[in-house]
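To start, the structure under review is shown below, and the notes come after it.
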Amino acid sequence: NNPSLVRVIHSVVAKATASTYAKRGRLPTAVIQEIAVRLDEKNPDERYFLARLLCAMVREKLPANDLLFSLVKDVVSKCIQNSKHIIELAIWRNFYLLCSQQKLAEQCADSALALEPASVGGCYTLFSLWCERKEENRALRPIAKWVKEHPDQMAGYDLYRSEERRVGKE
């Protein structure tokens, strides 16, 4: 949570961070171990940083996915236990999918689907997860609740209304 340290909110920044470490001759495994040791699993910014960095590293195969997964599986598990947001759980799910850990990915999706959205992005992510299961109508109630609590957020309202109309026609 130190402002002088690298922060990653977007996957592009995570990819650039991974690339910078590699160019400086720092082994990705060493970097990940250093970050994992210092990570505060209760801090959402640090969890997002790790999730995005790990996804970028898996995509770049820095290091091999099975090695990377074995290095971080315990800390990732702690991060997921502390996660309270749909979007974050969806990112961890993506990490697990990239590492061919389908069962763990499904558990993340299940946890995300049990939560209420906390943002417009959470509404869209929740909707997307339910769509993957071909049960998009199950997203309507939590999205409607969020829209009611946040009437100034038109994007959530637009998603809700378009899906409500589509479901009503079926």
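In this chain, residues are counted from 1 in sequence order.
- Listed by chain and residue number, R133 satisfy the side chain to side chain donor-acceptor pair (under 3.5 Å) test with E106 (two or more places apart in sequence, or in another chain).
- Applying the ring-ring contact (aromatic ring centres under 6.0 Å, His included) test to H150 and every residue at least two apart in sequence or in another chain returns W146.
- Rounding to the nearest 0.5 angstrom, the gap separating the CE atom in M57 from the CG atom in L98 is 13.0 Å.
- The shortest distance between side-chain heavy atoms of C99 and D66 does not fall below 4.5 Å.
- For A90, the side-chain contact (heavy atoms from CB on, under 4.5 Å) partners at least two apart in sequence or on another chain are T125.
- Residues R47 and C79 approach most closely at CD-O, 3.4 Å, considering heavy atoms.
- Residue L126 comes nearest to L115 through the heavy atom pair CD1-O, 4.3 Å, listed as atom of the first residue, atom of the second, then distance.
- The shortest non-hydrogen separation linking L39 to E46 is CD1-O, 3.3 Å.
- Listed here is the closest heavy atom pair of L54 and I32: CD2-CD1, 3.6 Å.
- The line from SG of C55 to CZ of R59 is 5.5 Å long, rounded to the nearest 0.5 Å.
- Here the rule is side chain to side chain contact (heavy atoms under 4.5 Å, CB included) with W92, and of L97, L104, I80 only I80 fits it.
- Note on residues 121-130: no pairs pass salt bridge (Lys or Arg N to Asp or Glu O under 4.0 Å), not counting sequence neighbours.
- Judged as a side chain to side chain donor-acceptor pair (under 3.5 Å), not a single pair has a partner in residues 94-103 (not counting sequence neighbours).
- R93 contributes atom CZ, which lies 13.0 Å from atom CD1 of I86 (distance to the nearest 0.5 angstrom).
- For the salt bridge (Lys or Arg N to Asp or Glu O under 4.0 Å) test, no residue two or more places apart in sequence or in another chain qualifies with R141.
- Sorted by first then second residue, the side chain to side chain donor-acceptor pair (under 3.5 Å) pairs that include residues 67-85, not counting sequence neighbours, are S83-E88.
- Annotation: salt bridge (Lys or Arg N to Asp or Glu O under 4.0 Å) contacts involving residues 112-122, sequence neighbours excluded, are absent.
- Atom CD1 in I87 sits 4.0 Å away from atom OG in S119 (nearest 0.5 Å).
- The shortest side-chain heavy-atom distance between I143 and Y124 does not fall under the 4.5 Å cut-off.
- The two atoms that bring A112 and L129 nearest to each other are CB-CD1, 3.7 Å, heavy atoms only.
- Listed by first then second residue, pairs satisfying salt bridge (Lys or Arg N to Asp or Glu O under 4.0 Å) with a partner in residues 117-131 number zero, not counting sequence neighbours.
- Among residues at least two apart or in separate chains, salt bridge (Lys or Arg N to Asp or Glu O under 4.0 Å) pairs with a member in residues 28-38 are R26-E34.
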TODO: Dump the intermediate steps for side chain to side chain contact (heavy atoms under 4.5 Å, CB included) on W130 and N137, then the final yes or no.
DONE: CA-CA 8 Å; W130 279 119; N137 60 327; over 6 Å; no
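- Closest of all the heavy-atom pairs between P117 and G122 is CB-C, 3.7 Å.
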TODO: For the pair I35 and F49, evaluate side chain to side chain contact (heavy atoms under 4.5 Å, CB included) and give the outcome as yes or no after the intermediate values.
DONE: CA-CA 10 Å; I35 292 171; F49 169 83; 3.6 Å; yes
